[in-house]
Amino acid sequence: MKRLSFIIFALSFSVALLAKDIKTVVLTTQPEMHCQNCEKKIKNNIRFEKGIKTIKTNLEKKTVTIEYDADKTNVQNIIAGFEKINYKATEVKEKKK
């Protein structure tokens with residue numbers, strides 16, 4: 001019985017350690033992302049930044065939505081990644097209702 005309790009404790013502790021802090025940020029860019037070449041440039045370069053999980057672009061809204069591991073990076077580092085490819089990224093703040 002003690003062995004089973006220990007195994008259950010060890011498994012639950014391991015799962016807690018593996019849980020990642022995944023966050024999402026929405027950005028706009030200057031110059032504005034206006035074509036598929038812009039999308040491709042952003043996706044092909046930003047994906048190499050540490051901690052990036054997914055990148056979704058929206059040409060209509062001219063936004064880039066990035067899911068990232070907050071244990072490995074932050075919004076400031078992601079914005080710095082855009083600067084490397086000559087874009088100025090700005091976080092889109094949600095409007096409060």
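Positions are given from 1 along the sequence. Predicted model only: the values in this text are computed from it and were never measured. Heavy-atom basis, side chains included; hydrogens, waters and symmetry copies ignored.
- Lys41 and Glu39 are not joined by a salt bridge, as no carboxylate oxygen comes within less than 4.0 angstrom of a charged side-chain nitrogen.
- For the pair Val75 and Glu91, the tightest heavy-atom approach, listed with the atom from each and the gap, is CG1-OE1, 3.8 Å.
- Between Thr65 and Thr24, some side-chain heavy-atom pair lies under the 4.5 Å cut-off.
- For the pair Asn58 and Lys56, the minimum side-chain heavy-atom distance is 4.5 Å or more.
- The closest side-chain heavy-atom distance from Lys53 to Asp69 is below 4.5 Å.
- More than 12 heavy atoms of other residues, nucleotides or ligands lie within 6.0 Å of NZ in Lys43, so this atom counts as buried by the packing criterion.
- For Asn77 against Asn74, the heavy-atom pair with the smallest separation is N-OD1, 2.8 Å.
- Every residue two or more places apart in sequence or in another chain was checked for a salt bridge (charged side-chain N to carboxylate O under 4.0 Å, His left out) with Glu67, and none qualifies.
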Check the pair Ile78, Tyr68 against side chain to side chain contact (heavy atoms under 4.5 Å, CB included), reporting the backbone distance first and the verdict last. CA-CA 9 Å; Ile78 294 169; Tyr68 63 97; 3.7 Å; yes

Using the side chain to side chain contact (heavy atoms under 4.5 Å, CB included) rule, take Glu83 and Asn86 through it: C-alpha gap first, then chi angles, then the decisive distance, then the call. CA-CA 5 Å; Glu83 290 173 6; Asn86 300 316; over 6 Å; no

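- If you chain together hydrophobic residues whose side chains sit under 4.5 Å apart, Val25 and Met33 fall into the same group.
- Contact of the Thr28 side chain with the Lys62 side chain is not registered, since no non-hydrogen atoms from C-beta on lie closer than 4.5 Å.
- Cluster membership check: Ile66 shares its hydrophobic cluster with Leu59, using side-chain heavy-atom separations under 4.5 Å among Ile, Leu, Val, Met, Phe, Trp and Tyr.
- Separating the CD1 atom in Ile46 from the OH atom in Tyr87 is a distance of 10.0 Å, to the nearest 0.5 Å.
- For Ile42 against Ile85, the heavy-atom pair with the smallest separation is CA-CD1, 4.1 Å.
- One hydrophobic cluster, built from ILVMFWY side chains closer than 4.5 Å, holds both Ile79 and Ile52.
- Here the rule is side-chain contact (heavy atoms from CB on, under 4.5 Å) with Thr63, and of Thr29, Thr57, Val26 only Val26 fits it.
- The side-chain contact (heavy atoms from CB on, under 4.5 Å) with Phe82 is formed by just one residue from the set Asn45, Leu27, Thr90; it is Leu27.
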